[in-house]
**Q** 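What follows is a single structure, and I will ask about it in a moment.
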Amino acid sequence: MAKQLITDHDSIVLLVDSFYAKARKDELIGPIFNEVIGDDWDKHLPTMYRFWGDILLNTHEYEGNPMVVHKQLNMRIPLEPAHFERWKKLFVETVWELFEGDKAELAAQRAVSIATVMQLKIAGYQ
Ligand code: HEM
Ligand code: HEM
C-alpha cells in the first residue's frame, strides 16, 4: 500500500486504529489495555482521535490530562520501562508502515518524547 501523508481526521483515525489494533494483540502491553479498557473501546478510540488530532493537526479538541490518567493507571498496574519501550516501538512502527512526510516525522517524535517524559514522571510514583 502506498504511504500517505497525515492530512486530516481520516489520517488520524487510521493511525490510532492501527496502533491500537497492534497494541491490543501485543503480549506485553495488550493485557493492560484489554484489562483497563475492556468493552469501552468505543469511548477510548475517539478520545485518542482528539488527542492525536490536537497534536498533529492543532484541532484543540482534546480535553484531558494524560499524565494524571497514567499516574492512576500506574497505581493499579505498574508501568515498567519495558512497557514504555514496547509502546514506543509499536507506535513508531505503525507510523512508518502507513505514513510518510513531516507530520509522520512529528507523530513519531512527539510519541517518543511524550512517552519518555511520562515514564520519567511515573518513575517517581513507584
Ligand atoms: C502525558 C502528558 C504529556 C506529556 C508528558 C507531554 C510532553 C511533551 C514533550 C516532552 C514535548 C516536547 C516534544 C519535542 O520537542 O519533541 C511536548 C510538546 C508538545 N505537546 Fe505535550 N505532553 C503531554 C500532553 C500533551 C497534550 C495533552 C497536548 C495537547 C492536547 C500536548 C501538546 C503538545 C504540543 C502542541 C507540543 C509542541 C510544542 C512546541 O514545540 O511548540 N501535549 N509535550
Ligand atoms: C506503557 C505505556 C502505556 C500504556 C500501557 C498505556 C495505557 C493506557 C490505558 C490503559 C489508558 C486508558 C486509561 C483509562 O481510561 O483509565 C490510556 C489512556 C490514554 N493514553 Fe496511554 N498508555 C501508555 C502510554 C501512553 C503514551 C506514551 C501516550 C501519549 C503519547 C498515551 C496517551 C494516552 C491518552 C491521551 C489517553 C487518554 C487519557 C484521557 O482519558 O483523556 N499513553 N493509556
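When a ligand or atom number is given, it counts from 1 through the structure's own listing order.
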**Q** Kindly say whether the aromatic ring centers of Trp41 and Tyr20 come within a distance under 6.0 Å.
**A**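 Here the rings of Tyr20 and Trp41 have centres that are less than 6.0 Å from each other.
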
**Q** What donor-acceptor contacts under 3.5 angstrom involve side-chain atoms of residues 96-105, with partners at least two apart or in another chain?
**A**
from: Glu97; atom 1: OE1; to: Lys22; atom 2: NZ; distance (Å): 3.2
from: Glu97; atom 1: OE2; to: Lys22; atom 2: NZ; distance (Å): 2.9
from: Lys103; atom 1: NZ; to: Leu56; atom 2: O; distance (Å): 2.7

**Q** Who are the salt bridge (charged side-chain N to carboxylate O under 4.0 Å, His left out) partners of Glu27, not counting sequence neighbours?
**A** Arg86

**Q** List, for ligand 2, each N/O atom that has a protein N/O partner under 3.5 Å away, with both atom names and the distance.
**A**
from: ligand 2; atom 1: 20 (N); to: His70; atom 2: NE2; distance (Å): 2.8
from: ligand 2; atom 1: 22 (N); to: His70; atom 2: NE2; distance (Å): 2.9
from: ligand 2; atom 1: 41 (O); to: Tyr62; atom 2: OH; distance (Å): 2.6
from: ligand 2; atom 1: 42 (N); to: His70; atom 2: NE2; distance (Å): 2.9
from: ligand 2; atom 1: 43 (N); to: His70; atom 2: NE2; distance (Å): 2.9

**Q** So does Glu93 pair up with Lys89, basic N to acidic O under 4.0 Å?
**A**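 Salt bridge present between Glu93 and Lys89.
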
**Q** Holding to ring-ring contact (aromatic ring centres under 6.0 Å, His included), I want the full list of residues that pass it with Trp87, two or more places apart in sequence or in another chain.
**A**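 For Trp87, the residues satisfying ring-ring contact (aromatic ring centres under 6.0 Å, His included) (neighbours in sequence not counted) are Phe19, Phe91.
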
**Q** In terms of ring plane angle, is the pair His44 and Phe33 parallel, tilted or perpendicular, where the classes change at 30° and 60°?
**A** tilted

